[in-house]
Amino acid sequence: MAADEWVFGLGGADLLDNVRKEAVAVLLEYHSDPFHTQNWSQFSWMATAKLDTTDNHFIGFGVHALAPLNNKKAFLEASFAVGGYHQGTFLGKKADPVLFRSSLGGGVTLKNGNRISLTIDHLLDSDLKNERPGKESIMLRYARSF
């Protein structure tokens with residue numbers, strides 16, 4: 001299980017959207033020391049920032065969960081955050097200024113304790129519907145503990 005860590009992600013945004021233009025997305029997250037640990041998972045506070053090449057920006061705060069699988073090298077991860085959103089150059093749909101972001105993924109822990117994962121995340125509007133903006137990203141992530 002991890003301690004404080006930085007996470008860097010690179011991937012694509014709006015890949016599954018028929019209204020918005022696809023974009024390259026970059027993610028930076030900070031995860032605190034776990035505030036709650038059980039045999040099957042740990043929960044940490046999270047700060048996250050994501051931007052893409054169509055000038056969309058999300059900055060939020062929330063909770064990150066990490067659950068190792070049976071072999072302890074593989075894991076599942078999930079997060080939920082609320083934050084501010086700046087809509088960029090390709091509007092498509094009008095977005096709310098405050099959005100929720102959910103994320104789900106899986107990966108492996110490396111020998112040095114750092115992790116690599118593949119996640120899909122989704123931005124939901126302020127009433128938790130998939131309309132404004134209904135924006136998703138697929139990210140390859142690298143987490144470095146310290």
Side-chain angles (χ1 to χ4, degrees), residues 1-37 40-69 73-110 112-146:
M1 298 287 201
D4 281 10
E5 63 187 9
W6 286 100
V7 179
F8 175 76
L10 182 64
D14 293 324
L15 302 175
L16 308 174
D17 195 330
N18 59 1
V19 175
R20 294 179 188 271
K21 182 179 177 184
E22 294 88 4
V24 175
V26 176
L27 171 86
L28 182 64
E29 284 184 0
Y30 167 77
H31 301 162
S32 72
D33 281 334
F35 65 84
H36 181 72
T37 301
W40 55 273
S41 66
Q42 69 180 24
F43 296 87
S44 302
W45 297 115
M46 171 185 75
T48 183
K50 185 173 76 172
L51 58 104
D52 67 35
T53 54
T54 56
D55 201 30
N56 295 303
H57 310 306
F58 175 80
I59 298 175
F61 300 94
V63 176
H64 177 262
L66 183 68
L69 298 176
K73 287 191 119 202
F75 62 87
L76 297 175
E77 65 180 329
S79 66
F80 187 78
V82 61
Y85 182 71
H86 164 50
Q87 190 162 6
T89 55
F90 188 81
L91 295 180
K93 305 174 194 172
K94 179 72 172 133
D96 293 339
V98 175
L99 298 176
F100 294 95
R101 189 195 109 197
S102 60
S103 175
L104 182 62
V108 294
T109 302
L110 305 173
N112 62 6
N114 297 334
R115 298 189 320 271
I116 294 178
S117 63
L118 185 65
T119 62
I120 185 164
D121 69 41
H122 193 74
L123 291 174
L124 299 159
D125 50 27
S126 57
D127 52 2
L128 297 176
K129 292 186 179 174
N130 189 27
E131 297 171 359
R132 302 175 319 270
K135 183 177 181 66
E136 77 293 323
S137 299
I138 298 172
M139 308 290 286
L140 180 62
R141 298 163 41 115
Y142 179 77
R144 180 182 166 110
S145 300
F146 60 94

List the atom of [X], the atom of [Y], and the distance in Å for their closest heavy-atom pair.
X: Asp4; Y: Ser32; result: OD1-C, 3.2 Å
X: Pro34; Y: Gln42; result: CG-OE1, 3.5 Å
X: Leu10; Y: Val24; result: CD1-CG1, 4.1 Å
X: Pro68; Y: Trp40; result: CD-O, 3.8 Å
X: Phe100; Y: Asp125; result: CD1-O, 3.6 Å
X: Phe75; Y: Leu66; result: CD1-CD1, 3.3 Å

Nearest-0.5 Å distance, [atom1] of residue [X] to [atom2] of residue [Y]:
X: Leu76; Y: Thr119; atom1: CG; atom2: OG1; answer: 12.0 Å
X: Arg144; Y: Leu110; atom1: CZ; atom2: CG; answer: 11.5 Å
X: Leu123; Y: Ser137; atom1: CG; atom2: OG; answer: 6.5 Å
X: His122; Y: Leu104; atom1: NE2; atom2: CG; answer: 13.0 Å
X: Ser102; Y: Glu136; atom1: OG; atom2: CD; answer: 11.0 Å
X: Phe58; Y: Leu51; atom1: CZ; atom2: CG; answer: 12.5 Å

For atom CZ of Phe61, decide whether the heavy atoms of other residues, nucleotides or ligands shown that lie under 6.0 angstrom number more than 12. no
List in chain and number order the residues that pass side chain to side chain contact (heavy atoms under 4.5 Å, CB included) with Ala74, two or more places apart in sequence or in another chain; answer none if no residue qualifies. Leu69, Asn71
Tell me whether the rings of His31 and His64 are parallel (<30°), tilted (30 to 60°) or perpendicular (>60°). parallel
Give me the ring orientation class for Trp6 and Phe146: parallel if the planes are under 30° apart, tilted from 30 to 60°, perpendicular past 60°. parallel
Between Asn114 and Ser145, is there a donor-acceptor pair closer than 3.5 Å when you use the side chain of the first and the backbone of the second? yes
How about [X] and [Y]: do any of their side-chain heavy atoms sit closer than 4.5 Å?
X: His86; Y: Asp55; answer: yes
X: Val63; Y: Trp45; answer: yes
X: Gln87; Y: Asn56; answer: yes

What residues, two or more places apart in sequence or in another chain, satisfy salt bridge (charged side-chain N to carboxylate O under 4.0 Å, His left out) together with Glu29? Arg101, Arg141
